[in-house]
Structure formats: structure tokens, C-alpha cells
Amino acid sequence: MKFDYDVIVVGGGHAGCEAAAAAANMGAQTCLITMDMNKIGQMSCNPAVGGIAKGQIVREIDALGGFMGIVTDRTAIQFRMLNRSKGPAMWSPRAQCDRGKFIWAWREVLENTPNLHIWQDQVKEILVERGEVAGVRTYFDLDIKARCVVLTAGTFLNGLMHIGRTQLPGGRVAEPAAYHLTESIARHGITYGRMKTGTPVRIDGRSIHFDELEIQEGEHDYHKFSFMGRDRQLKQLPCWTCFTNPEVHEVLRSGLPDSPLYNGQIRSIGPRYCPSIETKLVTFPERDQHQLFLEPEGENTQEFYLNGFSSSLPLHVQIAALKKIPAFRDMYIYRPGYAIEYDYFDPTQLKHSLESKILPGLFMAGQVNGTTGYEEAGGQGIVAGINAALKCAGSEPFVMHRDESYIGVLIDDLVTKGVDEPYRMFTSRAEYRILLRQDDADARLTSRSYELGLATRERYEHWTTKKEAIGRIVDFCKGFSLKPALINPGLEALGTTPLKYGCKLFDLINRPQVTVKNIAEHIAPLKALLSTLTDRKEEIIEAAEVLMKYDGYIARERVIADKMQRLESIKIKGRFDYKNMNSLSTEARQKLERINPETLAQAGRIPGVSPSDINVLLVLLGR
């Protein structure tokens, strides 16, 4: 056995799994190092994948040839498409998963991936030779050599858990923290800080009065995450909702003096958009209730996750407060919620390829970059894995732009703006949301991935077949003319205004009451065309309909994106001595020198760099 690889991936979480699979499938000899093979792909917090903007990231991972979507579909016990009341650009898939089956589905993928070996151990040091990464040293005092290392250590770097005034070292409950690794990286000049996250109580379902909760059923249509693979296979289960009340809040407030968040015990910053229940009480004192979601952890388990009740309050306070909710009055729990502090590295020290600017060959992905969430981690992981393999092959890095993917927005935000709190993706962070829909991730990314050598021939042909089918529907609608006398009875049946003059079917589909499927019942040639579709028929029809309904909006946003892309093409790295440019503001000089942006467009997105500063750079470039 030779401990010598092209790529080493440190950590078997969501970022590590995608990084290892991507690097290996691109031909790099890869070693995934994880402390526990039985926790690969562990869902440390919520047993769910997707959500607002996060669902789009998972579909992008899938379109690139990653596996989060496939594993999610294989282990989903509930699926919902969120934001249906809004336009398709806002739709976001979300699935509840069986936590245990999710792990084993990932193991099946990784253990059957060519070029990939798994080593169960902990890394304590990054090895560096001649200023570049040369491998890692493990707790077994084993040196494993590699040309590139992808660090995806999650919350394990000097991890410290808090339950009230009790502090426990660890990266996750019942799992040890990773010591010495942060320091081995920092000694090379890479700066780091501390962040905090948390997780809720886990409840024994046998002690819950479900009849006093509001049931929340999933959807049972054709939607799923992966563009490939089979439909959902597990039994589909409901979730439930309830609310806190003033009695709950009274008990929680009594515990605030012992809350690590408010007694000075925790000084690091937690996620703004996933606050603990005690933070909600302090931030919104006027609220007398907060919604909670009770979610099953698996197809056959009695363990339930209480979404919305993340807490680091003392154990007895958490139990006493929850028992004030009628459905939980007889509650037993498996374990309390807790907070965890961990090290992260300033992501502005990375290139858009996620390679360190300071230590060549070191790539970072996931929570070590200051993000939060499985999906954000997986998106970074697949990009880091791709670029580590490309670096080993001597190829140019793979970089996605902001008009190309939510993953591109995520990475650009990290390396350009940095983080001062755990970063979570939202649709509002993307300026080209109409271009970055969940339905067209394969249209945006599969061809690029296939050219890289990651997406398989099967995946590429699946996309081209779908593309041709969508094109047939759109072209038919653009070319098919309608006469009022023939179509008006159908329009009246659909509750929309009759035509006075003839028009193309394409224009008629822009009406909100009209869909491709319902109008096909009144247009025989269209119905016949749709009947020729076999594989993924519903998905193809939906994609074609979105393209037609949003044609004008898509075209307008594309023009704006193309204009911005011109600034992306102006390379400025290494062309200016920012610290001596007195024509720039002091803040701009400092920020530009620290981040050293690749392009003029990236420089314009740095907080503190004003439009006038960009104009100065444009003038100097002209000279």
C-alpha cells in the first residue's frame, strides 16, 4: 500500500464527499481521510437537504456530476417545492432524509468510485515543502504525500460544545475535536478566527402527542433533486408544526443568565438566519410565539428533530420549556440542543478556484471558509475537488461566474467580501436570479462539466436529449398560429380572455391561466407532440413552459449579465501597486492590496471600493 496520492481530502462531510468524488472521477488518485467511516456524509444538524437557494445549489452540484442530489433522492422521506406562490426563479426543492440511510448511500458511492481510497484517521498537520503543500501527517504519525490537499474539516477544528455552563471538547456530539491542524496552517501566514453554530433537542416520538400538532404533508409529484437516477424510493412521511407560547418564553428567559450566548462564555458570531431560540427571545421581545417544525429523522426511527429550537441553554431549562407546549407535555428526549464553536479561515485568502493564495496546493471548502449548511459545503467541495484534480493535471482552474450558478455567487462572495458571520445562501444574494433557476441547472452546467471530464457521457447525453425535447416544444409554440374561432372556447374554459385576433401559441402561453398541458387539451398537434415524450416528460414540459413564460425577462437579464461580463474580462491582478496609489481612497487601497482581485468586476464588488475608485483604475488601465 502506497501512501502517495495526487489529492488528499481531509474530512468526510458534505464538502469532503463531493470533493473526493469529483477529484477521483476526473482521474486523480485520491485519498479521503475521515475519523469515522460510519459518519461519512453525516447530517450533523437538520436531516434535510435543500431549501431556499440551497435547493438550487444541490441541483447545480448534480448538473456538474456530483452526488448530493442522487443520494438525497435515494434517501428522501419527504419532498416539497418551496416558494410555489412566487415565480419559478424562486422555486426551491427541499427533501427530508433518513439520516442513517443517507450515510450508507454516500458510502456506497464513495467505496465504488475508481481512483478513490478511504483512510480512517485524523490529520494533525499539513506538510509543506519548498513553500507548497506536500501532504499531511495523521494522528497515527503517518505521512501521506499528495500534490494537493483539500481541507473540509467542518466544525472540528478546535471544536468546543456548550450546554449551559457545561463545556465539552468535540467537533460534534460524541466525536473528538481536531487539534493542532489550525496551528499547522496558521504558521504559514494564513489567518483564522472563531465561529459558532448550534443544533436543537432530539425528541423520542413515542412521547409526543401528534394529534395536538398541525400535520404538514409532502408532495408526491414528479419533482426530485437529481436530473439522473430513480424517483424517491422510501416511504414518504409527514412533518408537523406547532408554536411556542408565553409560558415557554418565561422558562427560557429564566435560563438566560446561564446561557453561554449571554454570560460571556461564547464570544464568536453565530448564524444570523438560523438563530437559537434564546436569540429569538432577546431579538424579538414583543413576539409571544415562534413557529417550530417537528421533523422525522428516518423512515423507521422514533427520533425527531425540532427545527426552530436550536439552543445552548442548560439541559433542565430546555426540557422544562418544551414541556409547556401541550404536544410535548410528556416529552422524553434523546439529547439536548447545544452550541459549538470552531475555527475557520478568512476566505479572502483564497482564489476563486478555492486554492490558497498563500500556500499553493492547499484548497479549502465548507465551514472552514465561514459558511453554514450542507448545500453550501457541497457546492464548494465539488469546485475544490475539480480544481485540485485540474492542478495535478497542469490545467487551468475551473471558475464559475455569478451569472452562471449560485455556487459561483457563493464563492465570489466569500473570496471577494469575506465573512463576519456564518454565510448562508439566499436567492437575494444573486443579482441574476431569473438565469439561475432550479429547473435549468443542467442547461447551465452539464456541458461545461462534460468538457472538464467530470460529467459522464450518460449524463451529457441525458441532458442533450432533454434539450432537444424542450427545443421541439418551444419551436412548435413559436411557429403554431391560432385562430380565435378555434381556440376561444378552450380559453373561456380556462378562465382567460378570448382572442380578438390570431396570434402565435408562444404568446398565448405567457398568460398566467395558460399552461402547456392545459392548452394542449384544446390543440391536437401540441397534444400529439407531448405524447411523444417518454423519459422525464413532466420535467421537460415544465422547463419549456418556464422558458416561454419568462422569455422577455430572461433576455433582459442576459443583456445585463453580458455587460457585467465585460468587466470580468479585464484582468488587473498584478498590474497595480495599490498601497502607493494616492488617487484611491485609503480604504480602497487597503482592501485592494489585501484581496488582490483578479478582475475589475471583482474589485467593484469589494466592500469599501467605490465606483470612483473603479473609474480611477479604468483611467490608469487606459494609460
Would a 4.5 Å heavy-atom cut-off, applied to side chains only, mark [X] and [Y] as touching?
X      : Y      : result
Glu219 : Arg84  : yes
Phe225 : Gln438 : no
Tyr423 : Arg429 : yes
Lys101 : Asn300 : yes
Thr416 : Ile411 : no
Ile382 : Leu454 : yes
Met548 : Ile473 : yes
Val409 : Leu436 : yes

Do you know which two heavy atoms are closest between [X] and [Y], and how far apart they sit?
X      : Y      : value
Leu499 : Arg511 : CD2-NH2, 3.5 Å
Thr197 : Gln367 : CG2-NE2, 4.4 Å
Gly65  : Ser449 : N-OG, 4.3 Å
Glu18  : Gly66  : OE1-CA, 3.4 Å
Thr113 : Ala24  : CG2-CB, 3.8 Å
Ala28  : Val7   : CB-CG2, 4.0 Å

Exercise. Which is it for Leu491 and His522 under the side-chain contact (heavy atoms from CB on, under 4.5 Å) test, yes or no, and what are the steps along the way?
Worked result: CA-CA 9 Å; Leu491 296 181; His522 306 280; over 6 Å; no
[Y]/[X] salt bridge by N-O under 4.0 Å criterion:
X      : Y      : result
Lys517 : Glu538 : yes
Asp507 : Lys504 : no
Glu568 : Arg605 : yes

Exercise. How far apart are the C-alpha atoms of Leu294 and Tyr305, what are their side-chain angles, what is the distance that settles it, and do they pass the side-chain contact (heavy atoms from CB on, under 4.5 Å) test?
Worked result: CA-CA 6 Å; Leu294 187 68; Tyr305 176 98; over 6 Å; no
Exercise. Do Asp62 and Ser226 have a side chain donor and acceptor closer than 3.5 Å?
Worked result: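 Distance-only check passes for Asp62 and Ser226.
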Measure from the side-chain N and O atoms of [X] to the backbone N and O of [Y], and report whether any donor-acceptor pair falls under 3.5 Å.
X      : Y      : value
Tyr374 : Asn46  : yes
Gln56  : Ala53  : yes
Lys563 : Leu567 : no
Asp439 : Trp91  : no
Asp442 : Trp463 : no
His462 : Phe227 : yes
Arg459 : Thr456 : no
Gln380 : Leu354 : no
Gln78  : Arg94  : no
Glu295 : Asn307 : no

Problem set entry | Ring centers of Tyr432, His401 separated by less than 6.0 Å |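 Judged by ring-centre distance (under 6.0 Å), Tyr432 and His401 do not meet the cut-off.
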Tell me the salt bridge (charged side-chain N to carboxylate O under 4.0 Å, His left out) pairs involving [range], sequence neighbours left out?
range            : result
residues 398-408 : Arg402-Asp412, Arg402-Asp413, Arg402-Glu431, Asp403-Arg558, Glu404-Arg448
residues 380-389 : none
residues 365-380 : Lys54-Glu375, Lys54-Glu376

ring-ring contact (aromatic ring centres under 6.0 Å, His included) against [X], all qualifying residues, sequence neighbours excluded:
X      : result
His117 : Tyr5
Tyr550 : Tyr553
Phe210 : Trp240, Phe304

Can you tell me how far the [atom1] atom of [X] sits from the [atom2] atom of [Y], to the nearest 0.5 Å?
X      : Y      : atom1 : atom2 : value
Glu542 : Ile540 : CD    : CD1   : 11.5 Å
Met400 : Ile386 : CE    : CD1   : 6.5 Å
Leu435 : Ile554 : CG    : CD1   : 7.0 Å
Cys17  : Met68  : SG    : CE    : 8.5 Å

Exercise. Any cation-pi pair here, Arg536 with Tyr222, using under 6.0 Å and within 45°?
Worked result: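 Verdict for Tyr222: no cation-pi partner in Arg536.
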Exercise. Is there a side-chain contact (heavy atoms from CB on, under 4.5 Å) between Asn25 and Phe67 once you walk through the steps?
Worked result: CA-CA 12 Å; Asn25 281 319; Phe67 291 92; 3.6 Å; yes
Exercise. Hey, mind stepping through Glu111 and Ile118 against side-chain contact (heavy atoms from CB on, under 4.5 Å) and telling me if it holds?
Worked result: CA-CA 8 Å; Glu111 291 184 41; Ile118 301 174; 3.9 Å; yes
